[in-house]
Amino acid sequence: MEHPMTEAGTRIPTRVPEWARKVAEGLGGGPHVVVSGISVSGNIHAGNLREVLVAEAVAEALRERGERVRFIFHADTIDPLRKIAPGIPESYEEFIGHSLSRVPDPEGCHVSYAEHFLAPFEEALREMDMDIEVLRSHELYERGVYTEVTREALDRTEDLRLILQDVTNRKMPGHWSPFSPRSSSGKLTGMRVLEHVPGRTSVVFAGEDGFEEAADYSKGEGKLGWRVELAARWKALGVTFEPFGKDHTTSGGSTETADRMAREVFGYPVPGRYEYEWIGLKGRGDMSSSRGIVLLPKDLLRIMPPDAVRRIILGRDPARRFDLDLGEGFPRFMDEFRAEGGWEHPVPFIHLVTVAQTVGENVDAAAGMLSRGGYERAARNPEELARWLAYARNWAREWAPEGMKIGLLSPEESRELAAGLDDDQRDYLAAVAGEIGPDLDGDGVQDLLYSTAVGRGLKPKRAFAAVYKVLLGKTSGPKAGPFIAGLPPEEVRRRFRL
RNA sequence: GGGCCAGUAGCUCAGUGGUAGAGCAGGGGACUUUUAAUCCUCGUGUCGAAGGUUCGAUCCCUUCCUGGCUCACCA
């Protein structure tokens, strides 16, 4: 798979990170099935994306080696709704215990609760040009993909129960079953399984009201419990690699259980694994839907291209925790990203931010400003430029520290603020206005601003302060010469003649 | 309590069995020009602590200390 990386728009292959290559080396011969599984009980955020990207990197490493790879995103759509997330109506209380795929979308825009959160994520994956297959667990159950493993699990209920007790150190209730049937009410939780009828791929159970019901597990009328399902899924899908977050790999955790179940019950070798650490948001802590700290993949795609998302989310090494800095440190990240990506003559991101904020959506104006600033090359590709201006503009609006946000004042606003200047400063601006013209480049303007100030006995500091005040309403700003040279001269004159 | 990870210059981190580096910040200087501007120049820090292995360890082993994370289907 390839991704656009260069300014000219040519495509060069995604670089496979070293750590991924090493992981792939330990995986043996193919064909491979690489899986990343994520819950759709809430926003699928940029942290979740890390898991998918880890899986992608390993899949790429395998492909690079010539293996056949099936890369799957497994969405846990059949899982029951567990609690009412913030922002979800209280009335959803009645759906607790129901499959996310069968709960209505709280905002009414998708066919289900699950789809509401899955769809935007899927879209982001598409936008990232990811070669991935998205599977919905409720469909897998309905299609019978899990029928065999479910039967096996039911037949080996006792063994599974022992493993579960052993690993978690908890006593499971006597009526414990690896399978949770769905009752006629729609609930998946709290049913008591009474009997397994393998011939009919069915389970007889006591419903909430005590009456007996039956569920056909070949039709998705229920699901395996999480830890059992994990092991069962490996077998059913032939999984050979799956990354896990720290929460699952802890001792007594779900992977420890599933590993034993796979080996001892399902007779399936434990897939290769990579344990990744979590990422936080600088200054805000770990991502958490319930605490409102949510960064969506789409938020990232608004301020950087897909490969930059890959880079920033994976970091140097996904086994290491780190905090995303989308504020002050972001421009540097972007410059590094492009330097490594082989960009020729990239415009410093911070400069793009200045340009984007000055010209708004006007790409021609931006191109003009850039070429006058010495970045003719970047000005030559309007499409590419428009894309990058959008990144810069979005970043400035959504993430930039206050000090970096600028906006050219309207002539009226300029006039108002000019009232706060003293006569020396106004006279100075007027003098500059008389000299400024299209023939001056950035250095020329800088020179003009400085020498005019000195020539009139005005301290440069106060001179520049006046310039920024009238243009931006601030006392400092981007380097004045190139900035002003990029503006249409008449606009500058209008604001300087007071 | 169990598990995992980290502890190297002010900050963020690289790093190798032979006594340590980068970026940023910061100091100084240059360009008649302080700025989200270029160039030049400046870093002896007990490489968390103590033992051990070794001719020799920051890098290997052990223990400990400190911090972080995780152990409820929230990556």
Side-chain angles (χ1 to χ4, degrees), chain A residues 36-55 76 78-83 85 100 167-170 189 223-230 243-257 275-280 282 285-291 293-294 313 315-323 325 328-329 331-333 335-336 348-354 357 373-374 396 400-401 403-406 442-443 445-455 459-465 467-468 474-483:
Chain A
S36 166
I38 285 174
S39 153
V40 289
S41 57
N43 284 308
I44 307 179
H45 51 66
N48 297 300
L49 183 61
R50 195 170 214 206
E51 168 156 333
V52 180
L53 291 180
V54 166
D76 299 329
I78 199 173
D79 285 21
L81 179 69
R82 291 180 190 284
K83 61 177 182 190
L100 297 169
V167 172
T168 63
N169 243 333
R170 269 187 324 215
T189 48
K223 78 180 288 285
L224 292 164
W226 154 244
R227 292 183 184 224
V228 180
E229 182 183 285
L230 188 54
F244 284 96
K246 290 288 174 187
D247 50 340
H248 292 302
T249 57
T250 189
S251 116
S254 45
T255 52
E256 192 181 340
T257 321
E275 298 180 26
Y276 62 90
E277 256 289 2
W278 302 21
I279 53 181
K282 192 177 180 182
D286 286 341
M287 260 167 256
S288 155
S289 299
S290 51
R291 280 184 299 145
I293 305 172
V294 175
I313 291 294
R316 286 188 182 78
D317 171 5
R320 195 87 70 90
R321 181 202 160 71
F322 83 108
D323 289 330
D325 181 1
E328 218 180 330
R332 199 189 310 156
F333 163 77
D335 290 340
E336 276 171 21
F349 190 72
I350 197 68
H351 189 211
L352 274 175
V353 169
T354 299
Q357 292 183 96
M404 285 185 187
K405 294 188 182 177
I406 59 169
D443 287 343
V445 174
Q446 187 76 20
D447 208 41
L448 173 67
L449 291 172
Y450 183 79
S451 55
T452 305
V454 173
K459 281 198 171 157
K461 185 159 189 142
R462 295 187 55 225
F464 281 94
V467 168
Y468 290 124
K474 305 165 73 158
T475 51
S476 67
K479 185 160 184 172
F483 176 62

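Throughout, protein chains are lettered first and strands after them, A, B, ... in sequence-line order, and every chain is numbered starting at 1.
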Minimum heavy-atom separation for A/Asp317 and A/Arg50, please, with both atom names. O-NH2, 3.9 Å

Measure the shortest side-chain to side-chain distance between A/Phe483 and A/Thr354 over non-hydrogen atoms and say whether it is less than 4.5 angstrom. yes

What is the nucleic acid contact for A/Gly477, judged by heavy atoms within less than 4.0 Å: base, sugar-phosphate only, or nothing? base

In Watson-Crick or G-U wobble terms, with both distances under 3.5 Å, the base opposite B/rG43 is none

Protein-nucleotide distance (A/Leu81, atom CG; B/rC73, atom P), rounded to Å: 16 Å

When the distance from CH2 of A/Trp278 to P of B/rC74 is rounded to whole Å, what number comes out? 8 Å

For A/Leu100 and B/rC74, give me the distance from atom CG to atom P, rounded to whole Å. 13 Å

Any side-chain heavy atom of A/Val54 within less than 4.5 Å of one from A/Glu51? no

With a 4.0 Å cut-off on heavy atoms, is A/His248 in touch with a base, just the backbone sugar-phosphate, or nothing at all? sugar-phosphate

Sticking with atom P, work out how far B/rC5 lies from B/rU41, rounded to a whole angstrom. 42 Å

Aromatic stack A/Tyr276/B/rA75: centroid gap under 5.5 Å, interplanar angle under 30°: no

May I ask which nucleotide in the shown strands pairs with B/rC31, Watson-Crick or G-U wobble, both distances under 3.5 Å? none

Could you state the CG-P distance from A/Asp323 to B/rG67, rounded to the nearest angstrom? 18 Å

Could you tell me how far apart A/Asn169 (CG) and B/rA72 (C1') are, to the nearest whole angstrom? 16 Å

What's the gap between B/rU58 and B/rG21 when it is taken at their P atoms, as a whole Å value? 15 Å

Rounding to an integer number of angstrom, what distance separates B/rC73 and B/rU46 when you compare their P atoms? 46 Å

Determine the Euclidean distance between corresponding P atoms of B/rA57 and B/rG18; express it in Å to zero decimal places. 12 Å

Given RNA chain B, 5'-ward residue of the pair A/Phe322 and A/Ile406, judged by closest heavy atom: A/Phe322

Give me the distance, rounded to whole Å, that separates B/rG28 from B/rG56 when you measure between the C1' atoms they each carry. 40 Å

Is it the case that the side chain of A/Tyr450 and the backbone of A/Phe464 share a donor-acceptor pair, with hydrogens and angles ignored and the cut-off at 3.5 Å? no

To the nearest angstrom, the CG-P distance between A/Asp335 and B/rC24 comes to 12 Å

Using a cut-off of 4.0 Å on non-hydrogen atoms, how would the nucleic acid contact of A/Asp79 be classed: base, sugar-phosphate, or nothing? base

Evaluate the side-chain proximity of A/Lys83 to A/Leu81: yes if any heavy-atom separation is below 4.5 Å, no if none is. no

Any A/Val353 side-chain heavy atom under 4.5 Å of A/Pro331 side chain: no

Scanning all shown strands, the Watson-Crick or wobble mate of B/rG1 with both distances under 3.5 Å is B/rC71

Between the side chains of A/Glu277 and A/Lys246, is the shortest nitrogen-to-carboxylate-oxygen separation below 4.0 Å, so that they form an ion pair? no

Can you tell me how far P of B/rU38 sits from CD1 of A/Ile350, to the nearest Å? 12 Å

Heavy-atom count check: over 12 atoms from other residues, nucleotides or ligands less than 6.0 Å from A/Lys405 NZ? yes

Comparing A/Leu449 and A/Phe244 on RNA chain B - which has the more 5′ nearest nucleotide: A/Leu449

P gap between B/rG48 and B/rG29, integer Å: 36 Å

Hey, are the side chains of A/Pro80 and A/Lys223 touching, using non-hydrogen atoms and a 4.5 Å cut-off? yes

Pair A/His248-A/Ser254, side-chain donor/acceptor within less than 3.5 Å: yes

Determine the Euclidean distance between corresponding P atoms of B/rG1 and B/rU63; express it in Å to zero decimal places. 15 Å

Counting side-chain heavy atoms from CB outward, which of B/rA36, B/rC74, B/rC73 is closest to A/Lys83? B/rC74

Could you give the distance from CG (A/Leu224) to CD1 (A/Ile78), rounded to the nearest 0.5 Å? 9.0 Å

Pairing partner of B/rU62 (Watson-Crick or G-U wobble, both distances under 3.5 Å): B/rA50

Both distances below 3.5 Å, Watson-Crick or wobble geometry, any strand: find the nucleotide opposite B/rG17. none

Contact check, side chains of A/Phe244 and A/Leu230, non-hydrogen atoms, under 4.5 Å: yes

Between B/rA49 and B/rG67 - C1' atom distance, rounded Å: 15 Å

Under 4.0 Å between a side-chain N/O of A/Arg227 and OP1 or OP2 of B/rC73, yes or no? yes

Write out a two-atom table: protein N or O, nucleotide N or O from nucleotides 1-8 of chain B, distance below 3.5 Å.
from, atom 1, to, atom 2, distance (Å)
B/rG2, O2', A/Ser251, OG, 3.2
B/rG2, N2, A/Thr250, OG1, 2.1
B/rC4, O2', A/Lys246, NZ, 2.7

Output the rounded distance in Å from CH2 (A/Trp226) to P (B/rC73). 9 Å

Pick out the pairs of N or O atoms, protein on one side and nucleotides 30-34 of chain B on the other, that lie under 3.5 Å.
from, atom 1, to, atom 2, distance (Å)
B/rU33, O2, A/Gln446, NE2, 3.4
B/rU33, O4, A/Asp447, OD1, 3.2

